[in-house]
Amino acid sequence: MTSTVSRSGAVAADPMVPRTFTLLSTHADTRDTFTLELEPTDGVRLEFRAGQFTMLSAFGIGEVPISISGSPIEDGPLIHTIRSVGGVSNAIVTSAPGTQLGVRGPFGTSWDVTDAKGGDVVIITGGIGLAPLRPAILELLAERDQYNRVVLLYGARTPEDILFGDEMRKWADRLGMTVEVTVDNGPHGWKGRVGFVTQLISRASFDPAQTIALVCGPEVMMRASANELRQRGVPAGKIRLSMERNMKCGIGLCGHCQLREHFICADGPILTYEVLAPLMQKWEL
Amino acid sequence: MTSTTRTLKVEGLRKLVEELRARGFTVIAPTVRDGAIVNAPIESIDQLPRGVGDQQDAAHYRLTERADGAYFGYAAGAQSMKPVLFPAEELLWRGKRDAAGAFTVQPASNEGGPYALLGVRGCDLKAIHIHDAVLTSRGFSDAHYAARRAGALLISVTCGSPAGTCFCASVGTGPRPSEGYDLSLTEVIKGSSHTFVVAVGTERGAEIMDALGASTASEAEMAAADDIAKDAALNMGRELNTDGLKYLMYANAESSHWDDVASRCLSCTNCTLVCPTCFCTSVEDVSDLTGQEASRHRVWDSCFSEDFSYIHGGSVRESPRSRYRQWITHKLASWEDQFGMTGCVGCGRCITWCPVGIDITAEAAALRGTPSKARK
């Protein structure tokens, strides 16, 4: 036996190397939020589960984690809904159709909404938080008769910031979903609710003992929502939250997303309140 | 599996380096540069820090002279082997946009190596195995680390002269490594006799010893090596009480002690850069002026920077208090939940290279409410 080793610098398939996708279209949902349709240049559809995200790149600019907002069960392009809040997200939403973007993933855990079959589903979210929940909503509405009550509580800053408004109306009118919308600030003429989305929880109609709750929003909103749900009697293990953290790799290697022992990108982003409660109660953890 | 313990004389060590180079390895070993022990490629044992010792304490590092001509008579150098297997900057891919707008991504290949790492301390050897767990044992692996690591040969050395910031004995990684090496040397100097007692850890290591014609170690030689390890274990400058450490850290998440540390900590990131197990990285994208060519690089990052935890709206860990807590809690507690092992190997570098001398063993002891065992 000889211990001379290969000099080859070959590196096995690297999960840090993106695939290329072509931007088909960009649709302005609100003043700062856009829905993009992307098609893989290699023709291989990106299979994903509701709640997962990809690492999306504007080449030469940077890469950010973005939830998938399309349907996990229907064929079609990869759909991302993105709020333009920084250099990379702005570069992505202002890309011209035909631009090639980089995509890695999908990564992370799922809402696993089908666990709720036979019972109720309560979805609590606000602003852009509806985007990562849309795949779960489409998944459950495709088999609406398998679930009992399905409730969506949605909050936006102003009526102008309401995301997927037409679609929420369709879900409510034709697909058997109870949709309650509230805004923080209603201008003159706004006839809807004004207040925080968390205030809708105590009055919502669902059976706490037979409910799975899906929550996505700023951490303070998720903590308040989880508290309301607990007060209604929903077990902490049945409350699922989607956590946001800084992510540079999406695959548990870069360390940025750690919440004590959890890598939010790999162990999350969706975790139960049972797991998260003790960690969310500590400042700056 | 192990085979018989061997011995090499100084000339044997010289031949070992020659043999490794003849086999195509780049030999990385301790050298002296800028007043510090620095790992670098060597061509001959003449480049080793012969007759050099060191003196380390909190925020203090000096090289000293040794009269005995030892080749490995100092403790942990400025860096572990981390920069070799897991460089501070790594090209991940290059890409190019053609006239039609199509972007082609070309994954990067590894340059250099394969590496023979010579003179790896017990602490740093353990750190390599910790990186194996962190970077290659889970759902996704660091492809570049994995490729470099697969080709690497590990030759460790017993620390005979631990420094004031060393505490490997209390975390069980040294002064003499018990596993995880191809070959493990203990340098024994008695009068005019200068030998290296070589424990063999792998078939590959045994085969190299055979090729060098290394003789079998005598009982007396092995006993002398044992004594060096035993003495060194008693000469650690510091100590870390690992008893229930995870629960201690978790239970103290809201301790007022973090304010005390924060009043001293500069958030300079030195500790994370010299730590042999710290693995956090960021990515940086670079493009040419036209935007037609781009590349992405993986670079070391640190949980001590404010940007590290930035999400839209602000950083999760804005205060230095929360950042120090994150670092030490990860190292001593959450690492255990994540990887089934502690993230601290007792090398003491974070103590030596902290500009204000913050001491991980003292901070852990303070949380425990006991005085630290710092020698000074």
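- In this structure, the portions of B/Val316 lying under 4.5 Å from any heavy atom of chain A include both its backbone and its side chain.
- With respect to chain A, the highest number of heavy-atom pairs below 4.5 Å among B/Gly101, B/Ser295, B/Ser319, B/Gly313 belongs to B/Ser319.
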A/Leu253 and B/Leu135: CA distance, side-chain angles, deciding distance, side chain to side chain contact (heavy atoms under 4.5 Å, CB included) verdict: CA-CA 7 Å; A/Leu253 298 178; B/Leu135 299 171; 4.3 Å; yes
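- The most heavy-atom pairs under 4.5 Å with chain A, out of B/Ala146, B/Gly95, B/Ser309, B/Ala102, come from B/Ala102.
- Annotation: the span from A/Gln258 atom CD to B/Cys303 atom SG amounts to 8.0 Å, rounded to 0.5 Å.
- Of the possible donor and acceptor atoms, one in the side chain of B/Arg325 sits under 3.5 Å from a partner among the backbone N and O of A/Glu284.
- Taking every heavy atom of both residues into account, B/Ser141 and A/Pro15 meet most closely at O-CG, 3.6 Å.
- Taking B/Ser287, B/Ser334, B/Ala294 one by one and counting their heavy-atom pairs under 4.5 Å with chain A, the maximum is reached by B/Ser334.
- Only the side chain of B/Arg97 comes within contact range of chain A, judged by heavy atoms closer than 4.5 Å.
- Put simply, CG on B/Asp307 and CG on A/Asn246 are 8.5 Å apart, with the number rounded to the nearest 0.5 Å.
- A/Arg45 CZ: more than 12 foreign heavy atoms inside a 6.0 Å radius.
- Residue B/Glu284 places its CD atom among 12 or fewer non-hydrogen atoms of other residues, nucleotides or ligands, all under 6.0 Å distant.
- Between chain B and the residues A/Pro278, A/Cys254, A/Cys249, the most heavy-atom pairs under 4.5 angstrom are made by A/Cys254.
- Not one N or O on the side chain of A/Glu261 forms a donor-acceptor pair closer than 3.5 Å with the backbone of B/Asp337.
- Of the two parts of B/Arg138, only the side chain, counted from C-beta on, holds a non-hydrogen atom closer than 4.5 Å to a non-hydrogen atom of chain A.
- Contact detail for B/Cys280 and A/Gly255: the closest heavy-atom pair is SG-CA, 3.6 Å.
- Looking at B/Ser315, there are no atoms closer than 4.5 Å to chain A (heavy atoms on both sides), in backbone or side chain.
- For a residue to count as touching a neighbouring chain, one of its non-hydrogen atoms must lie under 4.5 Å from one of that chain's; by this rule A/Arg19 does not touch chain B.
- A distance of 11.0 Å separates CD of B/Gln326 from CZ of A/Arg260, quoted to the nearest 0.5 Å.
- B/Asp288 does not touch chain A: none of its heavy atoms, backbone or side chain, sits under 4.5 Å away.
- Top candidate by heavy-atom pairs under 4.5 Å with chain B, chosen from A/Gly86, A/Gly102, A/Ala266, A/Pro18, is A/Pro18.
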Derivation of the side chain to side chain contact (heavy atoms under 4.5 Å, CB included) call for A/Asp14 and B/Leu92: CA-CA 8 Å; A/Asp14 185 354; B/Leu92 296 175; 4.1 Å; yes
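- Contact record, A/Leu285 with B/Arg317: O-NH1, 2.7 Å, taken as the closest heavy-atom pair.
- Residue-environment remark: NZ (B/Lys246) exceeds the threshold of 12 foreign heavy atoms within 6.0 Å.
- Ring planes of A/His256 and B/Phe308: parallel class, angle under 30° (limits at 30 and 60°).
- Neither the backbone nor the side chain of B/Ala333 has a heavy atom closer than 4.5 Å to any heavy atom of chain A.
- Using cut-offs of 30° and 60° for the angle between ring planes, the A/Phe59 and B/Phe103 rings count as parallel.
- Residue contact with chain A, scored on non-hydrogen atoms closer than 4.5 Å, is absent for B/Gln106.
- With a 4.5 angstrom heavy-atom cutoff, A/Ile251 touches chain B via backbone and side-chain atoms both.
- With a 4.5 angstrom heavy-atom cutoff, A/Leu101 does not touch chain B via any of its atoms.
- Contact tally against chain B (heavy-atom pairs below 4.5 Å) for A/Met16, A/Glu63, A/Glu219, A/Lys282: the top residue is A/Glu63.
- The residue among B/Trp93, B/Phe339, B/Tyr250 with the most heavy atom pairs within less than 4.5 Å of chain A is B/Tyr250.
- Heavy atoms closer than 4.5 Å to chain A are found in the side chain of B/Arg296, but not in its backbone.
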